[in-house]
Protein chains: 2
Amino acid sequence: MKTQELLRDKKLKVTPARIELIELFKREKKPLSYEDIKDTINMDRATFYRNMNKFEEVGLFSVFESNSKIRFFEFKLTPHAHFICIECHSIECIKSLDIKLDGYEVHNMTIKGRCKNCTL
Amino acid sequence: MKTQELLRDKKLKVTPARIELIELFKREKKPLSYEDIKDTINMDRATFYRNMNKFEEVGLFSVFESNSKIRFFEFKLTPHAHFICIECHSIECIKSLDIKLDGYEVHNMTIKGRCKNCTL
DNA sequence: AACTTTAATGCAACTTAGTCGCATTAAATG
DNA sequence: CATTTAATGCGACTAAGTTGCATTAAAGTT
């Protein structure tokens with residue numbers, strides 16, 4: 001769906017900041033934090049966070065916290081788990097795990113540990 | 001194993017604060033944050049965090065972050081996943097999931113969403 | 001048991017990701 | 001075009017967790 005439609009569909013105003021964010025995350029296809037993209041985006045920190053929180057509320061994005069309390073945002077395509085390495089801080093999308101759990105409404109699943117490189 | 005042995009085994013000094021923490025978490029058998037126990041423990045915040053971080057380093061405790069960047073600590077018995085409700089903020093231990101992942105050294109697994117009560 | 005080394009503690013000051021209030025500006029609605 | 005409604009930028013703020021430092025207490029040594 002086109003970005004503008006996406007926003008209208010969720011009854012959100014179409015603004016340059018929102019378009020920029022959604023298009024960036026659609027392109028990147030991976031979880032990013034404010035720190036990761038602050039230099040490439042053209043808006044205030046508050047605007048970034050307010051929009052990302054809205055996007056999560058309406059179900060466009062998924063969000064999770066890494067080690068050391070940093071929030072990562074990802075444009076929601078197919079639901080999947082994330083692996084966060086506590087050593088190199090890399091993040092990997094894990095598509096091989098089923099993220100369902102009977103009786104619960106699962107929003108995300110994160111696994112922390114040491115990644116393939118860091119266990120060598 | 002007795003608390004003192006546990007500490008000596010990890011080459012950590014046996015102090016009243018450490019004994020208090022380990023015995024409390026052994027008793028509770030569930031993840032707790034500093035906020036949860038600050039009024040029942042007899043030590044400074046810094047001492048709490050420094051000790052918990054040590055305990056994690058040496059493998060006695062497991063740690064994970066809830067929503068809203070709060071750290072939860074748990075005395076490590078059998079490894080298991082945790083479910084964190086984003087609505088009522090309750091935490092449940094999920095023993096039914098296998099927390100293994102080929103090629104990775106898994107330290108913890110957290111699932112966020114809405115719990116059984118909150119999806120009614 | 002006293003002596004020395006090494007690490008743990010308490011306190012206050014600090015860090016930092018994220019939030020909030022408010023005045024201003026820009027979308028949407030009719 | 002006028003009006004309503006919500007988004008933006010800015011700076012001030014919040015709160016969980018950390019750090020520096022002087023003090024105190026374990027552990028190891030003679």
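Proteins come first, then strands; the chains are lettered A, B, ... in the order of their sequence lines, and each starts at number 1.
A:Phe61 has its ring centre less than 6.0 Å from the ring centre of A:Phe55.
Across the protein-nucleic acid pair, B:Glu65 atom CD and C:dT16 atom P stand 17 Å apart, rounded to whole Å. A:Lys69 places its NZ atom 13 Å from the P atom of C:dT19, with the value rounded to the nearest Å. Atom CD1 in B:Ile19 sits roughly 15 Å away from atom C1' in C:dT9 (whole-Å rounding). When rounded to the nearest whole Å, the span between CG of B:Asp44 and C1' of D:dT23 equals 14 Å. For the pair A:Leu12 CG and C:dA28 P, the computed distance is 10 Å after rounding to whole Å. Taking atom CD of A:Glu57 as the reference point, atom P of C:dT19 lies 11 Å away to the nearest angstrom. Distance B:Ile41 CD1 to C:dA8 C1': 15 Å, rounded to the nearest Å. Between the P atom of D:dT5 and the CG atom of A:Leu7 lies a distance of 21 Å, rounded to the nearest Å.
At the heavy-atom level, A:Lys38 lies nowhere under 4.0 Å from the strands shown. Within the nucleic acid shown, B:Arg50 comes within 4.0 Å of at least one base atom, counting heavy atoms only.
At the phosphate of D:dT8, neither OP1 nor OP2 sits under 4.0 Å from any side-chain N or O atom of A:Asn42. For B:Tyr49 and D:dT18, the shortest distance from a side-chain N or O to OP1 or OP2 is not below 4.0 Å. Distances shorter than 4.0 Å separate none of the side-chain N or O atoms of B:Asn51 from OP1 or OP2 on C:dA8. Taking only side-chain nitrogens and oxygens, B:Thr47 comes nearer than 4.0 Å to OP1 or OP2 of C:dG10. Contact annotation: B:Lys54 side-chain N/O to C:dA8 OP1/OP2 distance is under 4.0 Å. Between C:dA8 and B:Arg18, a contact under 4.0 Å exists linking OP1 or OP2 to a side-chain N or O.
Between the side chain of A:Arg45 and the base of C:dG18, at least one donor-acceptor pair of N or O atoms lies under 3.5 Å.
Within the 4.5 Å cutoff, the side chain of A:Phe72 has heavy atoms near those of the A:Ile91 side chain. Counting only heavy atoms from C-beta outward, the side chains of A:Glu56 and A:Ser62 never approach each other to under 4.5 Å.
Across all non-hydrogen atoms, the minimal contact from B:Ile19 to B:Thr3 is CA-CG2, 4.1 Å. A:Tyr104 and B:Glu92 get closest at one heavy-atom pair: OH-OE1, 2.5 Å.
Mapping B:Val14 and B:Ser33 onto DNA chain D by nearest heavy atom places B:Ser33 closer to the 5' end of the strand. The residue among A:Thr15 and B:Arg8 whose nearest nucleotide of DNA chain D lies closer to the 5′ end is A:Thr15. Comparing B:Phe48 and B:Lys13, the nucleotide of DNA chain C nearest to each residue sits closer to the 5' end for B:Lys13.
Residue A:Asn53 places its side chain closer to C:dT19 than to any other of C:dA17, C:dT19, D:dA26.
Both A:Phe25 and A:Tyr34 belong to a common hydrophobic cluster when Ile, Leu, Val, Met, Phe, Trp and Tyr are linked at side-chain heavy-atom distances under 4.5 angstrom.
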